[in-house]
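Please read the structure below before turning to the comments.
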Amino acid sequence: MGINRAAKHCVGSHGTNANYYFDGSMSHVHFCDGYQYAASDFGETDSTTGEWKIKTSPSVSYGTNGFFILKDGNSLTDQSPNSNNFSSNGGTLTKTEDSPSNVFATWNKLDWGTTYFTLTNGSTTAQSNASAFTYGVSTLGVNSGKFYWEVEYDAKNGGNRFPQIGITSTQTTNTQYELGHYANDWCWYINNTTSTLRNNNSDTSWGNYYQEGDIIGVALDCTNNKLYFSKNGTWQESGDPSASNNGISITAPSSTPLGFYFPAICYYDSTHRGTFKANFGNGYFGTTAVSSAGTNASGNGIFEYDVPTGYTALSTKGLNL
């Protein structure tokens, strides 16, 4: 931007070329006209967790042409005394729960297997590669505690249905090894019209058939080493994660190759593609907000369905609860 010039000021794009847009998240954007401040005026270190966090109402001056936008949401209304409001030049600003103080899991574009997916919407939407059916994993893994997340099986690109949603503790380097191939992978797998639980390269009839548009809830209990799946809010096979009843028995994280479990997805088809939209707590599937948020006793994250008692979102805050 040209500071204090009578010209268009742009935040999130190149000022003279509309092709160069910022691809990421922004929070608490300040411009202090005529003043210079230290980073510590806008943020501070949490005395308990050691993480850097925002000062939501910093004691700063904005001068004549300063502004403060994107405070705790997607509002472009200036929160400084100056009323220097901005407007969107195209596209949609999507509010996210993700912030420097609480980073939620996404699909991990740096993981070898996940590189075979096309990631969009802040790496929460993943489309498989038609040339491979290896699995993709999340950025955050766990070895203790109880965590909940949701995945919408969104679409398929021709052929039959072969979605797989689950967890892994094995680093794969083979494009032909699907989720559930290894002894420390578990997934809920739809083989066209058959609903199965897949583990250690073997299928067992399990759960109710799901298809495009269904939301799969995953509850991972690393305290009791149990795994649960729900379909559109209904826990499968009489599972009750709140009461630790009828869960799928999994290996203790300490006895797995990685020592951690990671959320994982796969489309078991090397000819067609499948798409998955994860909600790790941001309250969106892609760019669509949850229709009516469920209850969440931990207060960490926004989900479509009720979060089981004792569970929380997979995020940096959730890892410290």
Side-chain angles (χ1 to χ4, degrees), residues 103-117 119 123-124 126 128-129 131-151 162-191 196-204 206-207 216-229 236-237 239 241 244 247-270 274 276 278 280 311-316 318-321:
V103 180
F104 287 83
T106 67
W107 301 122
N108 188 357
K109 64 175 61 181
L110 300 180
D111 173 74
W112 180 87
T114 317
T115 62
Y116 286 90
F117 289 79
L119 304 181
S123 295
T124 60
S128 67
N129 189 318
S131 65
F133 52 75
T134 191
Y135 51 83
V137 302
S138 69
T139 51
L140 298 179
V142 295
N143 63 1
S144 63
K146 300 179 179 181
F147 298 89
Y148 173 81
W149 63 93
E150 297 170 338
V151 179
F162 299 110
Q164 298 181 318
I165 299 171
I167 61 171
T168 184
S169 186
T170 308
Q171 173 65 63
T172 185
T173 57
N174 191 318
T175 59
Q176 304 306 303
Y177 283 1
E178 77 293 346
L179 186 60
H181 179 89
Y182 297 101
N184 296 291
D185 304 343
W186 283 265
C187 72
W188 189 5
Y189 169 39
I190 299 300
N191 184 350
T196 64
L197 180 70
R198 186 165 181 81
N199 165 249
N200 201 21
N201 204 26
S202 179
D203 293 339
T204 303
W206 192 92
I216 307 305
V218 185
L220 174 59
D221 179 354
C222 290
T223 301
N224 300 295
N225 300 318
K226 298 291 183 180
L227 177 66
Y228 304 83
F229 292 102
Q236 301 295 290
E237 299 288 338
S244 299
I248 301 163
S249 295
I250 61 175
T251 305
S254 59
S255 298
T256 65
L258 299 179
F260 289 81
Y261 280 113
F262 294 82
I265 49 170
C266 175
Y267 197 70
Y268 196 6
D269 188 340
S270 60
F276 303 86
F280 287 105
Y311 288 73
T312 189
L314 186 55
S315 68
T316 52
L319 294 175
N320 287 289
L321 289 177

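For the single chain, residues carry numbers from 1 onward in sequence order.
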| query | Just by distance, with hydrogens left out, do Thr312 and Lys146 show a side-chain donor and acceptor under 3.5 Å apart? | reply | no
| Ser169 side chain to Thr256 main-chain N or O, any donor-acceptor pair under 3.5 Å? | no
| message | Holding to side chain to side chain donor-acceptor pair (under 3.5 Å), I want the full list of residues that pass it with Asn174, two or more places apart in sequence or in another chain. | response | none
| message | Going by side chain to side chain donor-acceptor pair (under 3.5 Å), name the residues that satisfy it together with Asn108, two or more places apart in sequence or in a different chain. | response | none
| query | Side chains of Asp203 and Tyr189: closer than 4.5 Å at any heavy-atom pair? | reply | yes
| query | Which atom names give the shortest non-hydrogen contact between Ala126 and Phe117, and what distance separates them? | reply | CB-CD2, 3.9 Å
| remark: All heavy atoms of Ile167 vs all of Tyr261, minimum pair found to be CD1-CD2, 3.7 Å
| Ring centroid separation for Trp107 and Phe276, is it under 6.0 angstrom? | no
| field | Spacing of CG belonging to Asn191 relative to CD belonging to Gln164, to within rounding of 0.5 Å | value | 9.0 Å
| query | Does any N or O in the side chain of Ser138 come within less than 3.5 Å of the main-chain N or O of Leu140, such that one atom is a donor and the other an acceptor? | reply | yes
| Residues in side-chain contact (heavy atoms from CB on, under 4.5 Å) with Val103, at least two apart? | Asp98, Thr316
| task | Answer yes or no: is there a donor N or O on one side and an acceptor on the other, between the side chain of Asn200 and the main chain of Gly180, under 3.5 Å? | result | no
| task | Taking the six-membered ring for Trp and the full ring for Phe, Tyr or His, determine whether the centres of Phe104 and Phe280 are under 6.0 Å apart. | result | no
| Who pairs with Thr175 by side-chain contact (heavy atoms from CB on, under 4.5 Å), at least two apart in sequence or on another chain? | Trp112, Tyr116, Ala132
| query | How would you list, by chain and number, every residue that makes a side chain to side chain donor-acceptor pair (under 3.5 Å) with Asn129, sequence neighbours excluded? | reply | Ser131
| field | Pairing residues for Glu178 by the salt bridge (charged side-chain N to carboxylate O under 4.0 Å, His left out) criterion, not counting sequence neighbours | value | Arg198
| task | Evaluate side chain to side chain contact (heavy atoms under 4.5 Å, CB included) for Thr170 paired with Leu258, printing each intermediate quantity in order. | result | CA-CA 6 Å; Thr170 308; Leu258 299 179; 5.7 Å; no
| request: Under the side-chain contact (heavy atoms from CB on, under 4.5 Å) rule, collect the residues that match up with Asn225, sequence neighbours excluded. | output: Ile250, Ala252, Pro253
| request: Specify the closest pair of heavy atoms between Ser244 and Asp221, including all atoms of both residues, with the distance to one decimal. | output: OG-OD2, 3.9 Å
| task | State which residues pass side chain to side chain donor-acceptor pair (under 3.5 Å) with Tyr267; sequence neighbours excluded, sorted by chain then number. | result | none
| message | I need the single residue from Phe133, Phe162, Tyr177, Tyr135 that forms a ring-ring contact (aromatic ring centres under 6.0 Å, His included) with Tyr268. Which is it? | response | Phe133
| query | How about His181 and Asn201: do any of their side-chain heavy atoms sit closer than 4.5 Å? | reply | yes
| remark: Separation between CG (Leu179) and SG (Cys187), nearest 0.5 Å, reads 4.0 Å
| task | Tell me, please, which residues at least two apart from Phe147 pass ring-ring contact (aromatic ring centres under 6.0 Å, His included). | result | none
| Any side-chain heavy-atom pair of Phe262 and Val142 under 4.5 Å | no
| query | For the atom pair CG (Asn143) and OG (Ser254), what is the distance rounded to the nearest 0.5 Å? | reply | 8.5 Å
| Those residues that, when tested against Phe260, pass ring-ring contact (aromatic ring centres under 6.0 Å, His included) (two or more places apart) | none
| said: Trp186: which residues meet the ring-ring contact (aromatic ring centres under 6.0 Å, His included) condition with it, sequence neighbours left out? | reply: none
| task | Could you tell me which residues satisfy side-chain contact (heavy atoms from CB on, under 4.5 Å) with Thr106, sequence neighbours excluded, listed by chain and number? | result | Ser123, Thr124, Thr139
| said: Is any side-chain heavy atom of Pro257 closer than 4.5 Å to one of Asn184? | reply: yes
| Side chains of Tyr228 and Tyr311: closer than 4.5 Å at any heavy-atom pair? | yes
| said: With a 4.5 Å cut-off on side-chain heavy atoms, are Leu220 and Trp149 touching? | reply: yes
| said: Rounded at 0.5 Å granularity, tell me how far NZ in Lys226 sits from OG in Ser249. | reply: 2.5 Å
| message | Between Gln236 (side chain only) and Phe229 (backbone N and O only), is there a donor and an acceptor less than 3.5 Å apart? | response | no
| request: Give the C-alpha distance, both sets of side-chain angles, the deciding distance and a yes or no for side chain to side chain contact (heavy atoms under 4.5 Å, CB included) between Thr114 and Lys109. | output: CA-CA 6 Å; Thr114 317; Lys109 64 175 61 181; 5.6 Å; no
| message | Can a side-chain donor-acceptor contact be found between Thr168 and Asp185 if the only test is distance below 3.5 angstrom? | response | yes
